[in-house]
Amino acid sequence: MAMTSTLTSTERQIGMALSILLVCLGLVMAGVAKQGPMMVHGGMAVALGLVLVFVLGGALYDQPEPSPERLTQYDDAPIRFGIVMTLIWAVAGMAAGVWLAALMYWPEATPPWPATSYGRLRPVHTSGVIFGFGGNALIATSLYVLQRTSRARLADALSPWFVLIGFNLFCVWAATGYVMGQTQSKEYAEPEWYADLWLVLVWVTYFALYIRTLARRAEPHIYVANWYYMAFILVVAMLHIVNNLAIPVTWGAGESFTIWSGVQDAMIQWWYGHNAVAFFLTAGFLGMLYYFLPVRAERPIWSYRLSILSFWGIVFFYMWAGSHHLHYTALPYWVQTLGMTFSVMLLVPSWASAGNAIATLNGAWHKVRDDATLRFMFVAAVFYGLSTFEGSFLAIRPVNSLSHYTDWTVGHVHSGTLGWVAMIVFGAIYSLVPKLWGREDMAWPRAVEWHFWLAVTGTLIYVVSLWNAGITQGLMWRAYDEGGALSYSFIESVEAMLPYYAARTLGGGLFLAGALLCALNCRATMCAAGDRVDVSDRPLVAQPAE
Amino acid sequence: MLKLHYNLEKISMGLVGAIIAVASVGGIVEIAPLFTIEETVEIPADMRPHTPLELAGREIYIREGCYACHSQMVRSLADELDRYGPYSLAAESAYDHPMLWGSKRTGPDLARIGGKYSDSWHMAHLIDPRSVIPVSIMPAYPWLTRALDTRLIEDSLATLARLGVPYDADMIENATADALAQSRPDSDGAEGVRDRYGEDVPLRDFDGDPDRLTEMDAVVAYLQSLGTLTGEARRLMAEEDE
């Protein structure tokens with residue numbers, strides 16, 4: 001097993017103890033709940049704990065101690081696991097998305113079971129892609145980048161496994177909870193209180209691992225990518241805790257009421273919601289961009305000053321922007337105005353980042369032309385620039401009066417998530433997979449090119465069709481005839497959406513096909529793993545054994 | 001400045017502290033004052049909390065993810081007032097933990113849906129949306145005819161009371177009985193529901209099946225309550241029109 005081979009027997013014993021604790025936790029959850037999703041989730045924890053006990057226990061007897069040689073190398077085994085989970089969640093989460101898109105013009109296809117209805121599957125898609133796909137990619141790449149830019153091995157061998165396995169348990173709890181009807185209904189924060197608490201535990205370990213590893217760095221300066229990853233870890237923790245404060249109805253019910261209500265809840269929810277976009281879907285991925293793009297292009301970051309400006313600009317401005325989700329609502333007017341103002345100002349640091357990334361490619365444009373992996377990263381930077389422009393534009397009050405509640409918002413989100421987030425992840429994956437599995441290149445280099453064009457075409461079809469959909473909706477809702485009556489009933493606006501919903505399903509389908517091709521390509525690469533080692537890719541000083 | 005940053009980047013905990021400090025400002029400025037506004041935004045005198053049956057319906061509305069396609073927030077825009085009714089007031093969702101303002105209208109806003117359609121229309125629509133609106137793209141919810149699970153109702157009211165929703169001890173104690181009684185206008189408990197939640201609370205068999213208390217009863221009772229918990233929004237609208 002990849003996991004156990006790098007663990008010493010002491011670490012295996014501690015790991016076993018932790019796994020037994022997980023079994024106990026699962027038993028308590030199942031015992032207190034006695035029924036419903038919380039009991040099922042307890043059962044999952046028991047099963048996972050038992051598997052880990054057997055794996056680690058087996059290794060204690062069968063596997064030799066890892067050689068001290070490992071301490072002179074980076075700890076990449078958990079990163080490989082994280083990449084595999086990223087690919088699994090990508091396919092699962094995007095497939096859910098395409099299926100839901102299809103249901104929007106073919107609602108009769110909804111099976112007659114509660115578990116598969118649109119409303120329950122929708123958070124499976126959003127959590128699956130944001131947390132499953134995006135989260136695993138962020139954790140895996142952050143640990144990779146952290147070690148390389150610090151020239152130090154991870155501070156210990158167990159906690160990366162705890163973070164990755166624990167995070168995936170959270171994702172599985174979330175997705176299975178939704179289909180069983182368990183949700184807090186707060187968008188992008190749907191999991192119930194015990195899953196939220198578990199995530200806090202995982203996150204604190206993640207942060208501690210990050211800081212402890214930074215403390216071992218052989219470089220005096222902390223590289224830009226790590227600032228972004230740290231902002232991602234810290235601010236997501238802050239947002240997650242405040243937005244999820246809740247009182248359980250009973251200890252065993254797996255249901256709770258958020259302590260916030262009404263207008264305060266709305267503000268806190270969108271302070272969370274918009275900054276989940278900022279610090280989960282932007283800051284972390286900018287960290288990825290700031291490492292993988294210069295490395296792949298073999299060019300240094302264009303401007304150090306600009307990266308400082310854009311980093312602090314993003315950390316400061318974004319936190320004010322959430323209230324633009326609540327224009328013309330019962331939220332006090334001055335808060336809406338602040339949200340709008342800061343959203344517009346946010347364009348400055350956003351374009352500084354995008355421009356910095358694109359200018360870094362100066363002198364390497366021939367590589368962008370020839371190398372689909374670098375092209376993924378370039379397109380990501382372009383879509384980042386486009387989406388942030390669109391975001392600032394949509395935050396302006398009168399524009400928002402047209403766009404809000406329509407599919408334009410959905411189109412905007414997907415221009416960011418497909419065009420920017422997913423593209424930079426694929427760029428990072430195609431850079432990492434050959435390296436981590438000891439090969440020169442991907443198993444099927446031509447398939448990367450195919451994936452690139454599927455992804456770009458899919459994104460464009462998706463985004464353009466939902467622009468049309470959203471603007472049409474917004475205009476139909478506000479149209480009056482000469483007599484001063486509304487021109488269209490609501491259902492007429494729904495009918496007008498159908499061609500766009502069909503087109504967006506096609507776009508999503510193409511994107512999913514590309515992701516599937518990527519997963520298969522990675523699988524082929526992993527199955528044909530080589531023994532190529534980059535001798536310079538190692539910590540600067542051998543770390544003492546703990 | 002550049003020099004300062006040059007040094008800051010060498011201290012990991014310095015970066016951590018700076019990130020937390022810089023990121024906190026926006027939230028503090030925008031969110032903290034909202035908790036004092038609570039005192040200035042007055043809860044209308046006629047505002048009532050949801051009955052236990054409506055609350056159970058709300059939980060089903062959340063469970064099925066209805067909020068993903070239906071907003072409950074009429075914005076102060078002319079076409080929305082004409083289409084849906086008076087714009088939503090902050091007070092109207094003051095007892096909602098969490099609020100269900102929503103972010104997308106794949107279907108219409110529901111903040112003023114209460115009383116707009118009959119119970120039997122809602123029932124037919126939920127079981128098969130296309131039987132009443134042929135081009136609707138809403139999914140069907142045929143399983144809502146199953147029995148309502150009332151085990152958590154009392155604890156739910158008690159929890160909400162702890163969070164400041166005005167449920168008194170009497171309401172909490174009778175929560176389960178009231179849920180049943182609201183759907184049985186001729187039963188002995190019906191009078192108690194009126195006493196506790198007001199004369200205007202609808203007492204009727206929402207799903208047309210007098211023998212069973214179903215999830216449909218709860219969902220329809222909830223939908224019919226939307227926009228009716230206080231008359232304040234309509235009163236304000238009427239004043240503005242004068």
Side-chain angles (χ1 to χ4, degrees), chain A residues 104-105 107 110 112 114 117-120 122-123 181 183 185-187 211 214-215 220-222 227 230-231 234-235 247 249-250 253 255 257-268 271 305 308 312 315-316 319-320 323 325 328-330 332 335 338 401 405 477-478 486 490-491 494-495, chain B residues 2 5 9-10 12-13 15-16 19-20 22-23 25-27 29-31 34-35 37 62-68 71 73 75-77 79 82-83 88-90 93-101 103-106 108 133 135-143 152 155-156 159-160 162-163:
Chain A
M104 290 184 77
Y105 72 90
T110 311
S117 83
Y118 181 95
R120 296 194 187 191
R122 191 245 188 197
T183 170
S185 90
K186 287 181 143 264
E187 279 186 88
I211 286 292
L214 273 180
H221 284 271
I222 300 171
W227 311 349
M230 272 160 64
L234 287 167
V235 183
I247 300 188
V249 175
T250 64
E255 269 183 43
F257 287 105
T258 176
I259 70 165
W260 315 115
S261 74
V263 63
Q264 293 97 341
D265 182 43
M267 182 61 225
I268 290 169
W271 169 79
R305 286 168 197 237
I308 295 177
W312 291 107
V315 173
F316 184 67
M319 300 301 277
W320 298 73
S323 52
H325 288 251
Y328 301 98
T329 67
V335 189
L338 269 182
S401 75
Y405 295 132
W477 290 347
R478 59 163 60 170
L486 290 168
F490 192 90
I491 194 67
V494 174
E495 244 185 312
Chain B
L2 206 60
H5 203 276
E9 286 154 40
K10 293 181 192 165
S12 55
M13 287 321 268
L15 270 178
V16 169
I19 289 170
I20 293 175
V22 170
V25 183
V29 173
E30 291 188 350
I31 295 170
L34 297 181
F35 288 89
I37 284 167
I62 289 173
R63 180 188 78 194
E64 300 300 344
C66 306
Y67 58 87
S71 58
M73 172 48 64
R75 296 180 294 172
S76 50
L77 297 168
D79 58 292
D82 287 340
R83 189 180 298 280
S88 299
L89 306 177
S93 51
Y95 299 149
D96 283 1
H97 294 263
M99 56 83 210
L100 294 172
W101 293 9
S103 60
K104 176 79 193 343
R105 285 181 187 153
T106 303
I133 302 175
V135 291
S136 168
I137 60 168
M138 189 170 111
Y141 296 92
W143 55 88
L152 278 179
D155 287 317
S156 297
T159 311
L160 286 169
R162 283 175 67 192
L163 291 167

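Naming convention: chains lettered A, B, ... in sequence-line order (proteins, then strands); numbering from 1 in each chain. Quantities reported herein were computed from a predicted structural model and do not represent experimental measurements.
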### Query
Does any N or O in the side chain of His221(A) come within less than 3.5 Å of the main-chain N or O of Lys10(B), such that one atom is a donor and the other an acceptor?
no

**Minimum side-chain heavy-atom gap Ile19(B)-Phe316(A) below 4.5 Å** = no

Whatever's closer than 4.5 Å to a heavy atom in chain B on Arg120(A) counts as both

Are any of the side-chain heavy atoms of Val16(B) and Met230(A) separated by less than 4.5 Å? yes

Under 4.5 Å to a heavy atom of chain B? For Val315(A) that would be both

One option among Leu234(A), Ile211(A), Ile222(A), Leu214(A) has the most heavy-atom pairs under 4.5 Å with chain B, and it is Ile222(A)

A side-chain contact here means heavy atoms from C-beta on lying under 4.5 Å apart; do Ile247(A) and Arg162(B) qualify? yes

Among Val249(A), Val235(A), Ile491(A), the residue with the most heavy-atom pairs under 4.5 Å to chain B is Val249(A)

Fill in: His97(B) backbone acceptor or donor facing Ser261(A) side chain under 3.5 Å
no

- prompt: Going by heavy atoms in the side chains, are Ser103(B) and His325(A) under 4.5 Å from each other?
  reply: no

So CD1 of Ile62(B) and NZ of Lys186(A): to nearest 0.5 Å the spacing works out to 11.0 Å

Closest heavy-atom pair, Leu15(B) versus Trp227(A), reported as atoms and distance to 0.1 Å, is CD1-CD1, 3.7 Å

Looking only at Ser12(B), Gly27(B), Ala68(B), Pro108(B), most heavy-atom pairs under 4.5 Å shared with chain A are made by Pro108(B)

So, the part of Leu89(B) with a heavy atom under 4.5 Å from chain A: the answer is backbone

Check whether any side-chain heavy atom of Pro332(A) sits under 4.5 Å from a side-chain heavy atom of Leu34(B), and report yes or no.
yes

Can you find a pair of side-chain heavy atoms, one from Asp96(B) and one from Asp265(A), that are under 4.5 Å apart?
-> no

So, the part of Ala23(B) with a heavy atom under 4.5 Å from chain A: the answer is both

Okay, Thr250(A) and chain B: the region with an atom under 4.5 Å from a heavy atom over there is side chain

When the 4.5 angstrom heavy-atom criterion is applied to Trp260(A) and chain B, the contacting part is both

Rounded to the nearest 0.5 angstrom, the OG1-CE distance for Thr106(B) and Met104(A) is 4.0 Å

Given Ala90(B), Ala94(B), Pro98(B), Gly65(B), the one with more heavy-atom pairs under 4.5 angstrom with chain A than any other is Pro98(B)

Okay, Leu486(A) and chain B: the region with an atom under 4.5 Å from a heavy atom over there is side chain

### Task
Could you check if a side-chain atom of Leu77(B) sits within less than 4.5 angstrom of a side-chain atom of Trp477(A), using non-hydrogen atoms only?
no

Scored by heavy-atom pairs under 4.5 Å with chain B, the best of Ala231(A), Ser117(A), Pro112(A), Ser401(A) is Ser401(A)

Given Ser156(B), Pro139(B), Ser136(B), the one with more heavy-atom pairs under 4.5 angstrom with chain A than any other is Ser156(B)

For Arg63(B) and Thr183(A) the tightest heavy-atom approach is CA-CG2, 4.1 Å

Inset, instruction - Walk me through it: do Val135(B) and Val494(A) pass the test side chain to side chain contact (heavy atoms under 4.5 Å, CB included)? - result: CA-CA 8 Å; Val135(B) 291; Val494(A) 174; over 6 Å; no

Distance col, row Phe257(A):CZ vs Leu163(B):CG, nearest 0.5 angstrom, shows 8.5 Å

Applying a strict 4.5 Å limit to non-hydrogen atoms, the region of Met138(B) in contact with chain A is backbone

Honestly, the part of Thr110(A) sitting under 4.5 Å from a heavy atom of chain B is side chain

Smallest heavy-atom separation, Met99(B) atom then Gly262(A) atom, equals CG-O, 3.4 Å

Taking the six-membered ring for Trp, is the centroid-to-centroid distance between Trp101(B) and Tyr405(A) below 6.0 Å?
no

